Every structure is written in structure tokens, then in C-alpha cells.
Amino acid sequence: MKRTIITVVGKDTVGIIAKVCTYLAQNGVNILDISQTIVQGFFNMMMIVDTGNVKSFENLSHELEQIGEEIGVVIKCQNEEIFDRMHRI
């Protein structure tokens, strides 16, 4: 299993979760955990996904960034190892 952290942040609109999850499903990415909240009209979602079946992490990350631009949010992907190292105290 290759775990990846995906974050989605932006102004709340209809279909954000649907668009991101549809893309992930079409590309064989399994969602392991998901948390989302809306605070005063701003959407924030964090997902832990299994990207073990994805051929190219760079391609996945780039395509998700493009989807984010289309729907007006910022989508970022980080490998779990890098995420852990960046957030150590």
C-alpha cells in the first residue's frame, strides 16, 4: 500500500467531493479515510488514499491540480512519508 495525503481547500460549491472522488475512482485510487468541513463558506477536505495502483504519482497530482482549478479550489497531493517528515515536532 502506498498512502498519499490529498487536501482540498477553497470556497464551498456544489460537487467538490463528487468531482474529486469520481476522478479517484476512475483512476483506481482507494479512499482510506476522509474528513471534510465547511467553515463560514470555506470548504476544507483531507483524504488519505491508497495510490499503490497508480502508474504515476506526478500525473495524479497534476490532474488533481487541474480539476481544482476547474472547480475553484486548491488540491494538493503529498506522499505520506514526506507529509510525516514535514509535520514532525
Side-chain angles (χ1 to χ4, degrees):
M1 183 179 331
K2 188 174 180 183
R3 291 169 29 140
T4 299
I5 312 301
I6 299 174
T7 57
V8 182
V9 178
K11 190 153 176 70
D12 187 36
T13 59
V14 173
I16 296 172
I17 296 171
K19 188 80 169 181
V20 173
C21 291
T22 298
Y23 171 83
L24 295 175
Q26 290 173 342
N27 287 278
V29 177
N30 186 35
I31 298 169
L32 304 171
D33 200 356
I34 183 171
S35 172
Q36 69 93 38
T37 185
I38 300 167
V39 178
Q40 295 185 7
F42 290 95
F43 179 86
N44 185 22
M45 178 168 65
M46 181 175 173
M47 307 170 87
I48 301 173
V49 300
D50 179 5
T51 53
N53 294 328
V54 174
K55 293 179 184 175
S56 167
F57 174 82
E58 290 77 18
N59 191 43
L60 174 82
S61 181
H62 178 70
E63 289 180 355
L64 281 170
E65 284 181 17
Q66 287 181 321
I67 289 170
E69 289 175 13
E70 290 171 13
I71 60 177
V73 297
V74 176
I75 302 177
K76 297 291 181 190
C77 298
Q78 293 180 344
N79 287 318
E80 181 183 34
E81 294 173 5
I82 295 170
F83 186 85
D84 285 344
R85 289 182 184 156
M86 288 176 55
H87 294 90
R88 275 192 197 152
I89 295 178

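None of these values were measured; they are calculated from a predicted model.
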message = If you define the side chain from C-beta out and look only at heavy atoms, does anything of K2 sit under 4.5 Å from N79?
response =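 Yes - at least one pair of side-chain heavy atoms lies under 4.5 Å apart.
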Report task. Would you check if Q36 and M46 make a side-chain contact, meaning some heavy-atom pair closer than 4.5 Å? Result ->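 No, every pair of side-chain atoms sits at 4.5 Å or beyond.
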Should side-chain heavy atoms under 4.5 Å link Ile, Leu, Val, Met, Phe, Trp and Tyr, which residues sit in the same cluster as [X]?
{"X": "M45", "result": "I6, V8, I16, I17, V20, Y23, L24, V29, I31, I34, I38, F43, M47, V49, V54, L60, L64, I67, I71, V73, I75"}
{"X": "F57", "result": "none"}
{"X": "V9", "result": "none"}

Practice problem: Only pairs at least two apart or in different chains count here, so list each salt bridge (Lys or Arg N to Asp or Glu O under 4.0 Å) that has a residue in residues 3-15. | Solution: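 Every pair satisfying salt bridge (Lys or Arg N to Asp or Glu O under 4.0 Å) with a residue in residues 3-15: R3-E80.
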Open item on the list: Taking side chain to side chain donor-acceptor pair (under 3.5 Å) as the cut-off, I'd like each qualifying pair that reaches into residues 41-55, sequence neighbours left out, listed once.
Closed with: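 Those involving residues 41-55 are T4-T51.
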**Asked** Do I5 and M1 sit in the same hydrophobic cluster, where Ile, Leu, Val, Met, Phe, Trp and Tyr count as joined when their side-chain heavy atoms come under 4.5 Å apart?
**Response**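 Yes, it is one cluster - the side chains of I5 and M1 are joined through contacts under 4.5 Å.
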*Check the pair H62 / Q66 against side chain to side chain donor-acceptor pair (under 3.5 Å), numbers first and verdict last.*
CA-CA 6 Å; H62 178 70; Q66 287 181 321; 3.3 Å; yes
* **Rounded distance [0.5 Å steps], CG in N27 versus OG1 in T22** =>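 Rounded to the nearest 0.5 Å, the CG-OG1 separation comes out at 11.0 Å.
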Subject >> Test side-chain hydrogen bond (donor to acceptor under 3.5 Å, both in side chains) applied to N59 - qualifying residues, sequence neighbours left out >> reply: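 For N59 the side-chain hydrogen bond (donor to acceptor under 3.5 Å, both in side chains) partners, ignoring immediate neighbours, are E63.
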